[in-house]
Amino acid sequence: MLPELKICGINDLGFAIEAEKSVDYLGFIFAKKSPRYVTPEEAAKIIAALSGKAKKVGVFVSFIEAKEIASEIKFDVIQLHFRAKAEEVEFFRLLGFEVWTLAGGAEGDGVLFDSSHGDGETELRQGAYKAILAGKIGPENFAAAIKSGADILDMNSALEEAPGRKSLAKLNELQRLLVIK
């Protein structure tokens, strides 16, 4: 069975509209140091223009920012991309969000094992959560990533033509692979 798919680092409306046709989740990164950073205003504008087929994930590196921005924008999932504490996870659960956390912190509804992130555990393992595999997953290694046993594959930089600029050609290549599977 094919895992669910997430494309993270969404900051372009045209790409988001195309990506929503074939993935389960779209991720919006609110880390100002990231080349994939999107302002809350830009994210809200993109989300408002989408059909609603894909769930929206707010990706945060700070609990304080997550609280502020999540109260303004309609997300389905809050991803705490830091070593979250149990009370931080519970805060968002009580507000009705599904919560994903970075491995090495408190467990959320999903746990992200990100080989490109130096602050968490990166070896995928199953648990009482959705196991999310991230880090350089793209068309060239998609088949191997499927075999990992992850519940969700999180794709980001491998779908870019330059840091922070997603490639429609790479998305089209991924979509062709999805038809084959």
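All residue numbers refer to positions in the sequence shown, counting from 1.
For the pair Pro139/Leu159, a side-chain contact is recorded, criterion being any heavy-atom separation below 4.5 Å from C-beta on. Contact annotation: the side chain of Leu168 approaches that of Glu18 to within less than 4.5 Å [non-hydrogen atoms, C-beta and beyond]. Counting heavy atoms from C-beta on, the side chains of Leu102 and Phe113 never come closer than 4.5 Å. Leu112 places none of its side-chain heavy atoms less than 4.5 Å from the side chain of Thr101. Side-chain contact between Glu88 and Lys67 is absent, with no heavy-atom pair separated by less than 4.5 Å. The side-chain heavy atoms of Asp154 and Leu133, taken from C-beta on, include no pair separated by under 4.5 Å. Residues Lys6 and Ile132 fail the side-chain proximity criterion, which asks for heavy atoms closer than 4.5 Å. At a threshold of 4.5 Å between non-hydrogen side-chain atoms, the residues Leu5 and Phe142 count as touching.
Between Tyr37 and Phe30, the two ring planes are perpendicular [angle over 60°; tilted spans 30° to 60°]. Taking the six-membered ring where the residue is Trp, Phe75 and Phe28 present tilted rings, their angle falling between 30° and 60°.
Looking at residues two or more places apart in sequence or on another chain, you find no salt bridge (charged side-chain N to carboxylate O under 4.0 Å, His left out) involving Glu4. Evaluation of the salt bridge (charged side-chain N to carboxylate O under 4.0 Å, His left out) rule for Lys170 yields no partner, not counting sequence neighbours.
The environment of Leu94 atom CG is dense: over 12 non-hydrogen atoms of other residues, nucleotides or ligands sit within 6.0 angstrom. Around the NZ atom of Lys53, the shell of radius 6.0 Å holds more than 12 heavy atoms that belong to other residues, nucleotides or ligands. Taking a 6.0 Å sphere around CZ of Arg165, one finds it holds 12 or fewer heavy atoms contributed by other residues, nucleotides or ligands.
Of all heavy-atom pairs between Ser148 and Leu153, the closest is OG-CD2, 4.3 Å. Nearest approach of Ala106 to Ala86, heavy atoms of both residues: CB-N, 3.4 Å. Taking every heavy atom of both residues into account, Pro3 and Ala150 meet most closely at CB-O, 3.3 Å. Taking every heavy atom of both residues into account, Leu178 and Ser22 meet most closely at CD1-O, 3.6 Å. The nearest pair of heavy atoms linking Pro163 to Arg36 is CA-NH2, 4.3 Å. The two residues Gln126 and Asp151 have their closest heavy-atom pair at OE1-OD2, 3.9 Å.
A donor-acceptor pair is defined here as one N or O able to donate and one able to accept, closer than 3.5 Å; no such pair exists between the side chain of Asn141 and the backbone of Ala144. Remark: side-chain polar atoms of Ser34 are not paired, donor with acceptor, to backbone N or O of Ala31 under 3.5 angstrom.
The CD atom of Gln79 lies 5.5 Å from the SG atom of Cys8; values are rounded to the nearest 0.5 Å. Asn172 CG to Ser167 OG: the interatomic distance, rounded to the nearest 0.5 Å, is 8.0 Å. Summarising the geometry, atom CD1 belonging to Ile69 is positioned 12.0 Å from atom CD1 belonging to Ile64; distances are rounded to the nearest 0.5 Å. Here the straight-line distance linking atom CD1 of Ile46 with atom CG of Leu13 works out to 6.0 Å at 0.5 Å rounding. The line from CE of Met155 to CD1 of Ile152 is 11.0 Å long, rounded to the nearest 0.5 Å. In this structure, CD in Glu42 is found 13.0 Å from CD1 in Ile10, a value given to the nearest 0.5 Å.
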Tell me, with the steps shown, if Phe15 and Leu171 meet side-chain contact (heavy atoms from CB on, under 4.5 Å).
-> CA-CA 9 Å; Phe15 185 88; Leu171 176 63; 3.7 Å; yes
Would you check, one step at a time, whether the test side-chain contact (heavy atoms from CB on, under 4.5 Å) holds for Val23 with Lys21?
-> CA-CA 6 Å; Val23 300; Lys21 295 175 184 177; over 6 Å; no
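Looking only at atom types and distance, the side chain of Ser157 has no donor-acceptor partner in the side chain of Glu160 under 3.5 Å away. Side-chain atoms of Glu20 and Ser51 form a donor-acceptor pair, as typed in the model, at a separation below 3.5 Å. In the model, Asn11 has no side-chain atom that pairs as donor or acceptor with a side-chain atom of Lys166 under 3.5 Å.
Under a hydrophobic clustering in which Ile, Leu, Val, Met, Phe, Trp and Tyr are joined whenever their side-chain heavy atoms come within less than 4.5 Å, directly or via other members, Val61 and Val99 fall into different clusters. Clustering ILVMFWY residues whenever any of their side-chain heavy atoms sit less than 4.5 angstrom apart, transitively, puts Ile7 in the very cluster that holds Ile73.
A salt bridge between Arg93 and Asp109 is present, with a side-chain N of the basic residue lying under 4.0 Å from a carboxylate O of the acidic one.
The aromatic ring centroids of Phe92 and Phe63 lie less than 6.0 Å from each other. Ring centroids of Trp100 and Tyr25 are separated by less than 6.0 Å, placing the two rings close together.
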